[in-house]
2 protein chains.
Amino acid sequence: MSSVTIKDIAKLAGVSHTTVSRALNDSPLINPETKDRIKSIAGSLNYTPNYSARSLVLDRSYNLGLFFSTLHTGTSSGFLYEAIKGVNDVIKDQFNLIVRGIDDYKSYHNVNRKSFDGLIVMSQSASDQSFIEYAADKEIPIVVLNRPIDKVKVMNLVPDDQRGAYRVAEHLIEKGHRRIAIIEGKQGFKSTQARRDGYREALEKHGVPLRNEWIVPGNYDLESGYAGMNRLLDLKERPTAVFCSNDDMALGAIKAVTERGLRVPDDLSVVGFDDHLFSAFMSPALTTVRRPIEEISRAGAEKLLSFIEKKQVEKSTVYFHTELVIRDSVKTIAGGN
Amino acid sequence: MSSVTIKDIAKLAGVSHTTVSRALNDSPLINPETKDRIKSIAGSLNYTPNYSARSLVLDRSYNLGLFFSTLHTGTSSGFLYEAIKGVNDVIKDQFNLIVRGIDDYKSYHNVNRKSFDGLIVMSQSASDQSFIEYAADKEIPIVVLNRPIDKVKVMNLVPDDQRGAYRVAEHLIEKGHRRIAIIEGKQGFKSTQARRDGYREALEKHGVPLRNEWIVPGNYDLESGYAGMNRLLDLKERPTAVFCSNDDMALGAIKAVTERGLRVPDDLSVVGFDDHLFSAFMSPALTTVRRPIEEISRAGAEKLLSFIEKKQVEKSTVYFHTELVIRDSVKTIAGGN
DNA sequence: ATGAAAGCGCTAACAT
DNA sequence: ATGTTAGCGCTTTCAT
C-alpha cells in the first residue's frame with residue numbers, strides 16, 4: 001500500500017503536480033475553483049503530505065527539541081511535567097516535540113539544523129555547557145531555560161533562585177529562628193549553588209551564625225532529604241529550622257522528623273523550594289518558594305517560535321520572579337513576629 | 001553556511017558519491033582502505049547525514065511517538081515521568097521520542113507511517129479509542145499501554161488494576177475494617193472503573209456492606225482527593241477506612257483528615273494506588289498498590305522496536321502484576337489481624 | 001570494488 | 001493561472 005502523492009492527485013485532477021502543490025499550500029496564484037477541486041480530491045484520497053520530502057526541500061525538520069540535563073536523578077517528575085506542559089501548550093500542532101536527556105547522547109552528531117528547527121534546553125547543570133556551546137556554534141535557534149549561562153550568549157530565561165532562597169531564609173529569621181540548617185541540592189547543579197548563596201546571604205545580612213554542621217548535602221531526591229534530616233537530628237545541637245533546597249527533599253525531611261516522634265512545625269520548622277503541586281497538600285502544608293517553571297517554559301517556547309519565524313535570534317537573560325509562599329510548616333519562636 | 005554532503009566528501013576523496021554513501025553505511029562492498037579514507041574525511045569535515053533525505057528514500061522517519069490521552073488533567077506528573085523514563089531508557093539514540101497529548105490533535109492527519117516509525121500510546125481513557133483505531137488502520141506499528149483495549153487488536157500491555165484494588169481493599173477488611181469508602185478516579189478513565197470494580201469485588205466477596213454515600217467521585221488530582229475526603233468526613237456515619245484511587249488523591253485526602261485535627265491511621269485509615277515515588281515518604285507512609293508503569297513502558301518500547309525491526313507486529317494482551325505495598329497508613333481495628 | 005543514473009515526494013524558479 | 005524543469009541529499013539498481 002504505497003501512499004498517495006501529489007502526482008496521484010494531479011492525474012485525477014488533470015493538472016500538473018505543481019498546481020496541486022500550490023493549491024494544497026493555499027497559493028494565491030491558483031484559481032479558487034481549481035483549488036477546491038484539488039482539495040476535495042486530496043481529501044477523498046486521504047492524502048497526507050510526506051514530511052520528509054517537504055523537509056528536504058524546505059530545509060526544515062518540524063522538530064523541536066526539549067532537552068534536559070538528565071532524565072535520571074536530579075530531574076524531579078514535577079519539573080519534567082511542568083516543562084513539557086508549558087512547551088507543549090505553546091507549540092501545539094505545528095512541531096514535533098522531542099524530549100531527551102542530554103546525557104543520553106553519546107555524541108551530539110545528530111543534533112543539527114537539519115534535524116531540529118530549534119532547541120529548548122532545560123539546563124540544570126553546568127555539565128551541559130558543552131552541549132549548549134555546540135548548539136549555539138551550529139547556529140541552531142536555541143533558548144536555555146532554568147540555569148543562568150555564561151560564556152556563550154543565548155536567550156536565557158531563569159528563575160531568580162538566589163533571591164527566593166534569600167526570602168525564605170529571611171522569613172525563618174523573621175519568625176525568630178537563629179539556628180537554621182540547609183539541606184543542599186545536587187552537587188554541580190547551578191540551582192544548588194544559587195539557593196545556597198541566597199541562604200547564606202540572608203543569614204549573614206541578619207547576623208545569624210552559619211554553622212558548618214548545619215550544612216548538609218543532598219541531591220534533590222526524597223531519599224536524600226530524609227537522610228539529610230536524619231544527620232541533622234543526630235546532632236548534639238539541633239537547628240530549629242531547616243531549609244530544604246527543594247520540596248521533594250522537604251517531604252523526605254519531614255518524614256525523618258515524624259519518624260522520631262517529633263512534629264513539624266512544633267518541634268522543628270521546615271521549608272522547601274519549588275512549590276510543587278503536592279506541597280500545598282502536605283501535612284503540614286509546606287512553606288516554600290514558587291519557581292515558575294511552567295511559565296518559563298511557555299515563555300521560552302514562544303521566544304523560540306518567534307526566532308524560527310523571524311530567522312533571527314535575540315540573546316539576553318531574563319529573570320523570572322520566584323515568590324515566597326507561606327503556609328504552615330514554620331513556627332514562630334521567641335523573638336519572632 | 002550550507003552543510004557538507006556526501007558529494008563534498010566524494011570530491012575530496014576522488015570517488016563517486018555512491019561510494020561515499022556505501023562507505024559511510026559500512027557496506028562490505030567497499031575496499032577497507034577507501035572506507036577509512038572516506039570516513040576520516042567525513043570526520044574532518046564534520047559531516048552529519050541529512051535525515052530528511054535519508055528518510056525520504058528509506059521511508060523511515062526515525063520518529064517514535066509517545067502519546068498520552070491528555071497532557072492536562074488526569075495525567076499525574078509521576079505517571080508522565082515514569083513513562084518517559086522507561087521508553088527513553090530503551091530507545092536511547094536510535095529514535096527521536098516525540099511526546100504529545102492525543103487531545104492536542106485537531107486532526108490525526110499528520111500521524112502516519114511516513115512521520116512515525118512507531119507509536120506508543122499510554123492510554124488512559126476510552127476517548128482515545130478512535131486514535132488507536134486510526135493508527136492501527138494506517139498500519140503504523142503500535143503498542144498500547146496501561147489501558148486494556150477491545151475491538152481493535154493491538155499489542156496491549158496493562159497493569160492488573162482490578163486485582164490490585166481487590167488486594168488493597170481486602171487488606172483493609174483483613175485489618176478489621178467494615179466501613180470502607182472509595183474516592184474514585186477520573187470519570188471515563190478505564191483505570192477508574194477497574195479500581196472501582198476491584199474494590200466492590202473485595203467488599204462483596206467478604207460480605208462487607210457497600211454504601212452509596214461512601215462512594216465519592218474524584219479525578220485523580222490532589223484537590224479532588226481533598227474534596228472527596230471532606231465529603232466523607234461530613235457524613236453522619238463516617239467510614240473507618242478510605243481507598244483513594246490513586247496516591248495523589250490519598251495525599252489530598254490525608255490533608256483533609258489532619259486539617260480537622262484527626263490522625264491517619266489512628267482515626268481513619270487511608271490507602272492509595274500507584275505507589276508514587278513520594279508515597280513511601282508521606283507521613284504516615286502510604287499503604288498502596290504498586291503499578292509498574294516504568295516497567296510496562298520499557299517492555300512496550302522493546303516490543304515496538306522489535307516490531308519495527310522485524311516489520312511484523314504481534315497482537316496480544318499482556319497483564320503486569322500490581323502489588324500490594326503495606327506501609328503505615330492502615331490501623332488494625334477490632335476483629336482484624 | 002566502484003560508478004552512472006534513476007528516483008524518493010516535494011517546492012520553486014522560470015517559462016508561457 | 002498553470003506547466004516544465006530542476007534539484008534538495010540520499011540510497012539503490014544496474015553496469016563495468
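Since this is a predicted model, take the numbers as computed values, not measurements.
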Between [atom2] on [N] and [atom1] on [X], what's the gap in Å once rounded to a whole number?
| X | N | atom1 | atom2 | answer |
| --- | --- | --- | --- | --- |
| K11(A) | dG3(D) | NZ | C1' | 16 Å |
| L24(A) | dT2(D) | CG | C1' | 16 Å |
| D26(B) | dA1(C) | CG | P | 14 Å |
| I38(A) | dT2(D) | CD1 | P | 8 Å |
| K7(B) | dT11(D) | NZ | C1' | 13 Å |
| K114(A) | dC10(D) | NZ | P | 9 Å |
| R60(B) | dT11(D) | CZ | C1' | 14 Å |
| I6(A) | dT2(D) | CD1 | P | 15 Å |

Given [options], the nucleotide with the shortest approach to the side chain of [X]:
| X | options | value |
| --- | --- | --- |
| L56(B) | dT11(C), dC10(D), dG9(C) | dG9(C) |
| S16(B) | dC10(C), dA12(C), dA4(C) | dA4(C) |
| R22(B) | dG3(C), dT11(C), dC10(C) | dG3(C) |
| N50(A) | dC14(D), dG9(C), dT11(D) | dG9(C) |
| R54(A) | dC8(C), dC14(C), dC10(C) | dC10(C) |
| Y47(A) | dC10(C), dC8(D), dA4(C) | dC10(C) |

Query - Exercise: identify the closest heavy-atom pair between S52(A) and L56(B) - result: CB-N, 3.8 Å
Query - N88(A) versus D104(B), side-chain donor and acceptor atoms under 3.5 Å - result: yes
Requested in this report: Would you mind checking if R298(B) and E302(B) are paired as a salt bridge, meaning a charged N to carboxylate O distance below 4.0 Å?
Outcome: no
Query raised in the report: Salt-bridged, K186(B) to D221(B), with N to O below 4.0 Å?
Result: no
Requested in this report: Return yes if the base of dA5(C) and the side-chain atoms of T18(B) contain a donor-acceptor N/O pair under 3.5 Å, otherwise no.
Outcome: yes
Query - hbond_proxy H17(A) side chain to dT11(C) base (donor-acceptor, 3.5 Å cutoff) - result: yes
Query raised in the report: Hey, does the side chain of T75(B) reach the backbone of L71(B) with a donor-acceptor pair shorter than 3.5 angstrom?
Result: no
Report task. Indicate whether OP1 or OP2 belonging to dT11(C) is found under 4.0 Å from a side-chain N or O atom of N25(A). Result -> yes
Query raised in the report: What is the ring orientation for Y105(A) with F67(A), classed by angle as parallel under 30°, tilted 30 to 60°, or perpendicular over 60°?
Result: tilted
Under 4.0 Å, heavy atoms only, any strand: does [X] hit a base, just the sugar-phosphate, or nothing?
| X | value |
| --- | --- |
| S21(B) | base |
| S52(B) | nothing |
| S55(A) | nothing |
| Y51(A) | nothing |
| L29(B) | base |

